[in-house]
Amino acid sequence: MTDLAHLRADFPILDSGVHFLDSSASSQKPAPVLEAMDRFARTSYANVHRGAYRLSLAATDAYEAARRRVADFIGAANPSEVVFTRGTTTSLNMVAFGWGIENLLPGDRILTTVMEHHANLVPWQMVAKRTGAVLDHVPLTDDCRLDMRVLGEKMVPGVRIVAVSGMSNVLGTIPDVPAISSLAHAVGARVVVDAAQLVPHAGVDVSTLGSDFVAFSSHKMLGPTGIGVLWGRMEALEEMEPFEGGGEMISDVTLHDATWAPIPHRFEAGTPPIIEAVGLHAAIDYLDSVGMDKIYAHDQELTAVALERLSDVPGLVLHGPAGIEARGGVVSMTMEGTHAHDLATILDEGDVAVRSGHHCAKPLMRELGVTATARASFYLYNTEDDIDALVAGLRRAGEIFGVR
Ligand code: PLP
């Protein structure tokens, strides 16, 4: 087992004794992130790209240093390809409305999958309605993996954009994005990856991923809420219109018209999340100091242990690929005759925090034939103790509900 237990002391919230198994919803924050934000707010804060005074210039340097740090972390050679947003949802809406409305014509095809989070589905439904483009979905195999055979069949000329999750927040499934990108590019389509789960748990290297856009959120990768990233290949960003207008995104404005600032600033209207950028920078430093390969291995090992121990719990059904290869640290489950919210409530009595509900993936719930699941998700600070507490809590729930 990749032993990361020593770093639990960096996460003040874990002192409460909670078995925190909901990092896929939002991760906990280590002290270096909290301290970096606090220090910056106390000593160096001002608005950015607006002041001629030294404090503002220094804040601008810190904000742009965060952009360079993100670029370096995801393997982007050009920091201008990194756009700061409010989070994955905003990043994906930016592509849907900024790229989709601008480039899609009636009859063009948008190809997505049945396992998408609503953030990578609903914007495309809205854009399909506005443009007359046709929305199509790739199904899953019986083993909850993306059906690459059907994906290949659906990847025909006329597909203009492929919107795919880099890692399912319900199943943990990690599709082969490089292969999907090659197929998409062969028919002239752009590829946008919802990497809200992929970046925090496996990391990405955009120089080999093959996609054109990558969206992710800081709060799921040890950083603060309120900031996220849209990375775009420069020529793809150039095909995009700004989704929001306002301060600092213009080159010139007259009473009737405006021209845009260079990329990325044209996509960052208004005061950006400044303190949050400093926090994201510190979060990336922390993740890098541990190593994304170790974090992924740790998540996978915990997933293997969880799948094995949970398979003995009476009445429990596990949803997701049977093996752990190309699978992240997420385990979704249902228990016969028991609602997922009841499971979560009983688990909470034993200080085990899991998410329950449809996980913003209602179409996927329908595919799985359930209305809700309980979901345990693992991150670098989790240990086998957390899994034991989960298993004990589920056994207790089974006894309470008379499941055998
Ligand atoms: N996509 C996936 C796969 C997610 O898991 C989430 C959050 O749970 C999102 C998108 C939306 O992220 P945010 O709420 O940070 O915008």
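Each ligand, and each atom within it, is numbered from 1 in the order the structure gives. Numbering starts at 1 and runs along the sequence shown.
Looking from atom 5 (O) of ligand 1 to the surrounding protein, the closest heavy atom is Q197 NE2, 2.7 Å. The nearest protein atom to atom 4 (C) of ligand 1, hydrogens excluded, is given as H117 CD2, 3.3 Å; this is a heavy-atom distance.
For the side-chain contact (heavy atoms from CB on, under 4.5 Å) test, residues two or more places apart in sequence or in another chain that qualify with S91 are T85, A215, L230.
Looking only at atom types and distance, the side chain of H341 has a donor-acceptor partner in the side chain of S356 under 3.5 Å away.
Remark: aromatic rings of F73 and F216 are distant, center separation not under 6.0 Å. No close placement of the Y379 and F20 rings is indicated, their centers lying 6.0 Å or farther apart.
Each of the atoms 11 (C), 12 (O), 13 (P), 14 (O), 16 (O) of ligand 1 lies under 4.0 Å from some heavy atom of T89. Interface atoms of ligand 1 facing S217, defined by a heavy-atom separation under 4.0 Å, are 12 (O), 13 (P), 15 (O), 16 (O). Residue T88 has at least one heavy-atom neighbour below 4.0 Å for each of these atoms of ligand 1: 10 (C), 12 (O), 16 (O).
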Compile the donor-acceptor pairs under 3.5 Å between side chains in residues 306-322 and protein atoms, sequence neighbours left out, one pair per line.
| from | atom 1 | to | atom 2 | distance (Å) |
| --- | --- | --- | --- | --- |
| R309 | NH1 | E384 | OE1 | 3.3 |
| R309 | NH1 | D388 | OD1 | 2.7 |
| R309 | NH2 | E384 | OE1 | 2.7 |
| S311 | OG | E308 | O | 2.6 |
| H319 | NE2 | T334 | OG1 | 2.8 |

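Within the structure, ligand 1 has H219 among the residues with a heavy atom less than 4.0 angstrom away. Residue contact annotation: K220 has a non-hydrogen atom under 4.0 Å from ligand 1.
Looking at V170, T303, L302 one by one, the single match for side chain to side chain contact (heavy atoms under 4.5 Å, CB included) with V331 turns out to be T303.
Residue-to-ligand polar distances place D194 within reach of ligand 1: an N/O pair is separated by less than 3.5 Å.
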